[in-house]
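What you see below is based on every heavy atom in this structure, not just the backbone, and it leaves out hydrogens, waters and symmetry mates. Nothing here was measured: the structure is a model prediction, and the numbers come from that model.
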Amino acid sequence: MTATDDSAERSTAAAAASGRGREFAAALGWFLVAATLRAIGIDRFSLWGDEIYTLENSQQLFGPAMKPSALAFPLSFLLERGALELARLGGVDLGAPESLQWVLRVVPATCGALAAAAAFAGSRGVLRPGERHVLAALVAFSPWFLWMSQMARFYALVLFFCVPATFSFWRAQRDGDVGAAWRGVAWSALALATHPSAGLLLLGHLLACLAAAALRLKPLTRALVPPLLLPLAAVAVAAAWPTLRETIAYRYHAQDASLETAAVLVLGLGFNFGPVVGALALLGLPTLWRRERALAVHVVVGVGAPVAGVLLLALQQKAVEQRYLVAVMPLALVPAAAFLGELGHRVTGALRGARVAIPAAALAAWLPGVVSAGIDGDRHDLAGALAFVGARLEPGDAIVCETHALARRYLPAELSDERLIEAPPPRDEWKRWQELWTDSRRVWVVVQAEFEEMSAETRSFQRWAWQEGRLVREFWRPRLDYHQNRLRVFLVDTALARRWHRELPQR
């Protein structure tokens, strides 16, 4: 080898190392940006709703009280249990939930931040350099993803695992790369071990491959084999493990009080994804079509088929939710990133700094949601409401409270569990509700104000609280978007009021 060749080889290696360094620095930068956003207020907002199930399942994991269904999709609970153990909070009956509010949310916050970094790193070779930054920004600043990252549930984990899976699957289809297909399967398996809704990404990918082949854009290759093996393996495990079958089928058969109609699901998905970003994603499809038609088809089918499937289930009144579609949202953002990046590039000559200004203008549509996340974390102030009630409790008082198992942790320790019941009182606790009413002098009712789209039973209970009780206090921090989170505290005098029941006529 000549000195010139040796020098050229060293120069090439140095350039490659420098490129890898820049890539790592950019990904790290997006992680830090997203992590900073997710750290704001993470320990200030009270626990709410399903976060109590994460706590219970994590504490009970592998113990005698463990629910068998927790083992069907255990990864989120395993990580949460690890965080609790590191904080020396695992396995104890915690009376102070304030210590949990940070610990329980560290895992989803970290995964949400990693998703932004993975969006930049994973889209290499799929999007142009500037567009990769736009995609990372969309993931980092999305109010919906921000909320998931500050909620002690599994959705931020699904988001993180599905970002690299999305780009691995596309590379497998584009290049016939079996290795990329296996990487996609590995990431998808982690997502499926977190929540079954992650299967929607795999379903969309398989249908997109078939569609591209039918349109003669990309032939089917051996790279389709690994993604096909994953659902076959899942079916085999489900056939041998009844708990897994029952857990997956539960939502299909559940009669959920907060059931979302197809119209509510569409409106909610549009709001959470963002109408501006949604419009940009539609405008970006022709951009992808001009560049690579197979990619445009992959996005349309890979996102459209899962969305259509969830809407069909909603039309059949099955218990599905908007957040079940988080697995395909990274793919849905790809055309928006491509459109913004290309638009910025085209107008750079006429508008200085357009490559930054145009994506920033698009992200401004999310600004009210991002700011509002710092106001109340997009959740109700359960801690404040129950501190108010706890300070005014008198002997003989009872409390009817939504998410009562979680409320127990915010109420005085001396309050008997028998004085607390879910709102509205469940059918299987009807006898206890009757006894509680008879034995109580006053009943405090703590419920969220936004109930009009809930079940008829919930609406009936709220009307009863207005008619038979007195509104004592409303807990609310005004947000900048339409989604306001109000909690109302009513006080009902049992000597003067009618006891609520489902057939109670309205005055």
Side-chain angles (χ1 to χ4, degrees), residues 31-32 34-39 42-43 45 47-63 65-92 94 97-119 121-122 139-140 144-166 183 185-199 201 234 237 243-244 247-248 323-324 326-327 329-330 377 379 406 409:
F31 171 79
L32 293 175
T36 300
L37 284 172
R38 282 146 181 78
I42 193 173
D43 60 344
F45 311 125
L47 299 171
W48 175 252
D50 289 352
E51 288 184 293
I52 185 61
Y53 301 126
T54 297
L55 174 60
E56 290 178 347
N57 287 337
S58 301
Q59 286 185 300
Q60 296 168 1
L61 201 62
F62 305 122
M66 180 188 68
K67 298 175 183 177
S69 59
L71 280 181
F73 303 97
L75 187 53
S76 174
F77 306 130
L78 278 169
L79 293 174
E80 291 286 8
R81 180 58 181 268
L84 289 169
E85 293 292 346
L86 286 173
R88 298 183 180 180
L89 296 176
V92 297
L94 302 160
E98 294 81 4
S99 59
L100 291 171
Q101 289 168 189
W102 182 82
V103 174
L104 280 175
R105 293 170 182 155
V106 163
V107 171
T110 302
C111 288
L114 285 170
V139 174
W144 197 20
F145 295 165
L146 180 56
W147 174 78
M148 291 176 183
S149 302
Q150 293 183 323
M151 174 71 69
R153 294 299 278 165
F154 25 66
Y155 301 107
L157 280 72
V158 172
L159 173 67
F160 166 51
F161 293 136
C162 285
V163 169
T166 295
R183 289 192 293 275
V185 166
W187 286 112
S188 290
L190 289 172
L192 281 168
T194 304
H195 194 263
S197 62
L201 174 64
V237 173
T243 297
L244 182 61
T247 303
I248 295 174
R323 62 194 106 168
Y324 289 175
V326 67
M329 289 301 103
R379 69 203 71 212
L406 183 55
R409 297 181 177 273

Taking C-beta and beyond as the side chain, do [X] and [Y] meet within less than 4.5 Å on heavy atoms?
X: Phe62; Y: Leu78; result: yes
X: Leu114; Y: Val163; result: no
X: Glu51; Y: Gln101; result: no
X: Val103; Y: Asp43; result: no
X: Arg38; Y: Phe145; result: yes
X: Pro330; Y: Leu159; result: yes

Any idea how His195 and Phe73 line up, ring-wise: parallel (<30°), tilted (30 to 60°), or perpendicular (>60°)? tilted

Pairwise distance CD(Gln59) to OG1(Thr54) - rounded to 0.5 angstrom: 11.0 Å

Straight-line distance of Leu61 CG to Phe77 CZ, nearest 0.5 Å: 8.5 Å

If I compare all heavy atoms of [X] with all of [Y], which pair ends up nearest, and what's the gap?
X: Leu157; Y: Cys111; answer: CG-SG, 3.7 Å
X: Phe31; Y: Ala117; answer: CB-CB, 4.0 Å
X: Ala109; Y: Ile42; answer: CB-CD1, 3.7 Å
X: Leu37; Y: Ala140; answer: CD1-O, 3.5 Å
X: Cys162; Y: Ala198; answer: SG-CB, 4.3 Å
X: Ala34; Y: Ala113; answer: CB-CA, 3.6 Å

List the steps, then state whether side-chain contact (heavy atoms from CB on, under 4.5 Å) holds for Leu55 with Leu84. CA-CA 9 Å; Leu55 174 60; Leu84 289 169; 4.2 Å; yes

side-chain contact (heavy atoms from CB on, under 4.5 Å), that's the test. Do Arg323 and Trp147 meet it? Break it down for me. CA-CA 11 Å; Arg323 62 194 106 168; Trp147 174 78; 3.5 Å; yes

Go through the structure and list residues passing side chain to side chain contact (heavy atoms under 4.5 Å, CB included) with Asp50, not counting sequence neighbours. Tyr53, Arg153

Residues that Leu190 engages under side chain to side chain contact (heavy atoms under 4.5 Å, CB included), provided they are two or more places apart: Leu75, Phe161, Trp187

Take Leu47 and Arg105, measure what side-chain contact (heavy atoms from CB on, under 4.5 Å) needs, and give me the verdict at the end. CA-CA 10 Å; Leu47 299 171; Arg105 293 170 182 155; 3.6 Å; yes

Could you walk me through whether Thr194 and Tyr155 satisfy the side-chain contact (heavy atoms from CB on, under 4.5 Å) test, starting with their C-alpha distance in whole Å, then the side-chain angles of each, then the deciding distance to 0.1 Å, before giving a yes or no? CA-CA 8 Å; Thr194 304; Tyr155 301 107; over 6 Å; no

